[in-house]
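Notes to accompany the following structure.
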There are 2 protein chains.
Amino acid sequence: MKARITVTLKNGVLDPQGKAIEHALSGLGFDGVGQVRQGKVFDIELNGTDKAKAEADLKAMCDKLLANTVIENYSVSIT
Amino acid sequence: MKARITVTLKNGVLDPQGKAIEHALSGLGFDGVGQVRQGKVFDIELNGTDKAKAEADLKAMCDKLLANTVIENYSVSIT
């Protein structure tokens, strides 16, 4: 089973890296670019076929290791 | 218009960060975790309503700035 976890900053949390990308894009001549926010993505291979257990495990992984839930949101999708 | 760009390492490119996460997850007691690969995600707000132009712009942004196409793949989705 393959899963993708996407971790993004919560709204209102400052994102200096995103701001830097914004400036770089407008410096390269891309007009009409508004806010840019950067996040992380984790592609995880899981053994087993129990989708419900996998989803529970993935959420636990996010809470314990992959995301800082004070400032970040995460979403889990299993394919 | 909002777009999400996902940048992932190509197959065969070493991902030490992913490996570290793998080990950390098994150290935390998560069994059955196979390969972990880390990537980046960019959430970009775009002005304008021309979807075709936006997609072309986003691909140009990836080629010029956001992705290293020697070792990374990217995908663009507009919502």
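None of these values were measured; they are calculated from a predicted model. We name chains A, B, ... by the order of the sequence lines, and we start the count at 1 in each one. We use all heavy atoms of the structure for the numbers below, so side chains are in, but hydrogens, waters and symmetry mates are not.
Other residues, nucleotides and ligands contribute at most 12 non-hydrogen atoms within 6.0 Å of the NZ atom of A:K51. More than 12 heavy atoms of other residues, nucleotides or ligands lie within 6.0 Å of NZ in A:K10, so this atom counts as buried by the packing criterion. The neighbour count for A:N47 CG, taken as heavy atoms of other residues, nucleotides or ligands under 6.0 Å away, is above 12.
Only the side chain of B:F30 comes within contact range of chain A, with heavy atoms under 4.5 Å apart. There is no contact between B:A3 and chain A, counting heavy-atom distances below 4.5 Å. When heavy atoms are compared at a cutoff of 4.5 Å, B:L66 approaches chain A solely by way of its side chain, counted from C-beta outward. Neither the backbone nor the side chain of A:A54 comes within less than 4.5 Å of any heavy atom in chain B.
Top candidate by heavy-atom pairs under 4.5 Å with chain A, chosen from B:G39, B:G48, B:A24, B:G18, is B:G39. In terms of non-hydrogen atom pairs under 4.5 Å with chain A, the most contact-rich of B:I5, B:V41, B:L25 is B:V41. Listed options B:E22, B:M61, B:Q17 were ranked by heavy-atom pairs under 4.5 angstrom with chain A; first place goes to B:M61.
Each of A:I71 and A:Y74 belongs to its own hydrophobic cluster when Ile, Leu, Val, Met, Phe, Trp and Tyr are linked at side-chain heavy-atom distances under 4.5 angstrom.
The line from CD of A:Q38 to CG of B:D43 is 10.0 Å long, rounded to the nearest 0.5 Å. Distance OG1/A:T8 to CZ/B:R4: 6.0 Å, rounded to 0.5 Å. Note that the CG atom of B:L46 and the CD atom of A:Q35 stand 12.0 Å from one another [nearest 0.5 Å].
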